[in-house]
**Student:** 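Here you go, one structure.
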Amino acid sequence: MNPTLVGLELKRFCRDYVGLFFIAVLPAFMYVVFGAAQTFGAEDIGRGNVALYIMISMAVYGAVTATVSVGGSAAVERMQGWGRQLGLTPLRDTAYVAAKAIVAMVIAFIPIGLIYAIGFGTGAKGETWVWFASAAIVLFGACLFALYGLVFGLAFKSESAVGAASGSLVIFAFLGNIFIPLSGVMLTIAKFTPLYGLVSLARYPLTEGYSVDMEGNLAHEALWVPLANVGAWTLILTLLTVYLVRRGRDRQ
């Protein structure tokens, strides 16, 4: 790991106030509006209340947006020649990847920390271990989506790649059962989308797999379903990344 590179990367991301707004402030605002400000937020669910359920959902969205931005920018940097510049230095590829991974986790922790702090102060309640377990799942699970950002960066090869990747997350958040509870055919479709597995795993310590759809029906989902989703999308994104990297080298 190169502390200097990590520090420079963190400073660069922290100077991007617009990016930080969409990564941290917007998800926190959405939690306040749809969770803390609603009377149903105090209703019990699993090992906590509805406010905690919504808080976890918004933390997933914010953390994933953060890691997608880091992954996408890393791909664009290398495609635009930054990789060749680093090649002139003693920095190894493993150290570069490690530095980006650390930056991704630190940036992802910003929305998680902010939203959890707001939730703690605005009525989100749950067992202590649920808070820590869900936060850990969100943090480490969001790192998977650095690959998602890499895919967009390698495919589009421009600054717009990061915006396209982040914009597509909004669609997948709706389809992934993050913003609104889905039911019927839409819920079935949701189980095949990339965000569904992570948000379901993050909620699992709270809900133990139980959920209520838009029609008020109670349903239970086995743990293997979100695990299979996360595993499948990890494989898909990894294969896509490898393919796009090799395609770029062949063209060079």
**Student:** Going by side-chain contact (heavy atoms from CB on, under 4.5 Å), name the residues that satisfy it together with Val18, two or more places apart in sequence or in a different chain.
**Tutor:**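 Listed in chain order: Asp16, Phe22.
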
**Student:** Please find the pair of heavy atoms, one from Ala202 and one from Pro205, that lie closest to each other, and give the distance.
**Tutor:** O-CD, 3.3 Å

**Student:** Side chains of residues 172-181: which donor-acceptor partners sit under 3.5 Å, not counting sequence neighbours?
**Tutor:**
residue, atom, partner, partner atom, Å
Asn177, OD1, Leu182, N, 2.8

**Student:** Identify every side-chain donor-acceptor pair in residues 224-232 under 3.5 Å, counting partners at least two apart or on other chains, and give the distances.
**Tutor:**
residue, atom, partner, partner atom, Å
Asn229, OD1, Gly197, N, 3.1
Asn229, ND2, Lys191, O, 2.9
Asn229, ND2, Thr193, O, 3.0

**Student:** Roughly how far, to the nearest 0.5 Å, is the CG atom of Leu201 from the CD1 atom of Ile137?
**Tutor:**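 One gets 6.0 Å once the value is rounded to the nearest 0.5 Å.
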
**Student:** What distance do Ile236 atom CD1 and Leu240 atom CG have between them, rounded to the nearest 0.5 Å?
**Tutor:**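 Between atom CD1 of Ile236 and atom CG of Leu240 there are 7.5 Å.
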
**Student:** Out of the candidates Tyr204, Trp129, Tyr116, only one should pair with Ser134 under the side-chain hydrogen bond (donor to acceptor under 3.5 Å, both in side chains) rule; please name it.
**Tutor:** Tyr116

**Student:** Thr234: which residues meet the side-chain hydrogen bond (donor to acceptor under 3.5 Å, both in side chains) condition with it, sequence neighbours left out?
**Tutor:**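 Listed in chain order: nothing, the list is empty.
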
**Student:** Enumerate the residue pairs fulfilling salt bridge (Lys or Arg N to Asp or Glu O under 4.0 Å) with a member in residues 167-182, sequence neighbours excluded, ordered by first and then second residue.
**Tutor:** none

**Student:** What's the shortest heavy-atom distance between Tyr196 and Ser200, and which atoms?
**Tutor:**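 Closest approach of Tyr196 to Ser200: O-OG, 2.8 Å.
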
**Student:** Can you list the residues that meet the ring pair (Phe, Tyr, Trp, His ring centres under 6.0 Å) rule with Tyr210, with sequence neighbours excluded?
**Tutor:**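 For Tyr210 the ring pair (Phe, Tyr, Trp, His ring centres under 6.0 Å) partners, ignoring immediate neighbours, are His220.
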
**Student:** To the nearest 0.5 Å, how far apart are CG in Leu198 and CZ in Phe140?
**Tutor:** 13.0 Å

**Student:** Remaining members of Leu235's ILVMFWY cluster at a side-chain heavy-atom cut-off under 4.5 Å?
**Tutor:**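 Listed partners: Leu239.
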
**Student:** Would the number of heavy atoms belonging to other residues, nucleotides or ligands and lying under 6.0 Å from CZ of Phe192 be above 12?
**Tutor:** no

**Student:** Are Ile112 and Phe132 grouped together when hydrophobic residues (ILVMFWY) are joined by side-chain heavy atoms under 4.5 angstrom apart?
**Tutor:**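 As far as the 4.5 Å side-chain criterion goes, Phe132 and Ile112 are not connected within one cluster.
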
**Student:** Please output the side-chain donor-acceptor pairs of residues 23-41 that fall under 3.5 Å, not counting sequence neighbours, one pair per line with the distance.
**Tutor:**
residue, atom, partner, partner atom, Å
Tyr31, OH, Thr122, OG1, 3.1
Gln38, NE2, Val33, O, 2.8

**Student:** Give the intermediate values and the outcome of ring pair (Phe, Tyr, Trp, His ring centres under 6.0 Å) for residues Tyr148 and Phe152.
**Tutor:** CA-CA 7 Å; Tyr148 185 89; Phe152 272 80; 5.1 Å; yes

**Student:** Is a side-chain donor or acceptor of Ser168 paired with a backbone partner of Ala165 at a separation under 3.5 angstrom?
**Tutor:** yes

**Student:** Quick one: side chains of residues 52-68, donor-acceptor pairs under 3.5 Å with protein atoms, not counting sequence neighbours, listed by atom name and distance.
**Tutor:**
residue, atom, partner, partner atom, Å
Tyr53, OH, Arg203, NH1, 3.1
Ser57, OG, Tyr53, O, 3.0
Ser57, OG, Arg203, NE, 3.1
Ser57, OG, Arg203, NH2, 2.8
Thr65, OG1, Tyr61, O, 2.7
Thr67, OG1, Ala63, O, 3.4
Thr67, OG1, Val64, O, 3.1
Thr67, OG1, Ala142, O, 2.7

**Student:** According to the side-chain hydrogen bond (donor to acceptor under 3.5 Å, both in side chains) rule, which pairs have a member within residues 19-30, sequence neighbours left out?
**Tutor:**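 Passing the test, one end in residues 19-30: no pairs.
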
**Student:** May I have all residue pairs that pass salt bridge (Lys or Arg N to Asp or Glu O under 4.0 Å) and include part of residues 44-71, sequence neighbours excluded?
**Tutor:** Arg47-Glu208

**Student:** Excluding sequence neighbours, so at least two apart, what forms salt bridge (Lys or Arg N to Asp or Glu O under 4.0 Å) with Glu127?
**Tutor:** none

**Student:** How close do Leu169 and Leu195 get, counting heavy atoms only, and between which atoms?
**Tutor:** O-CD1, 3.8 Å

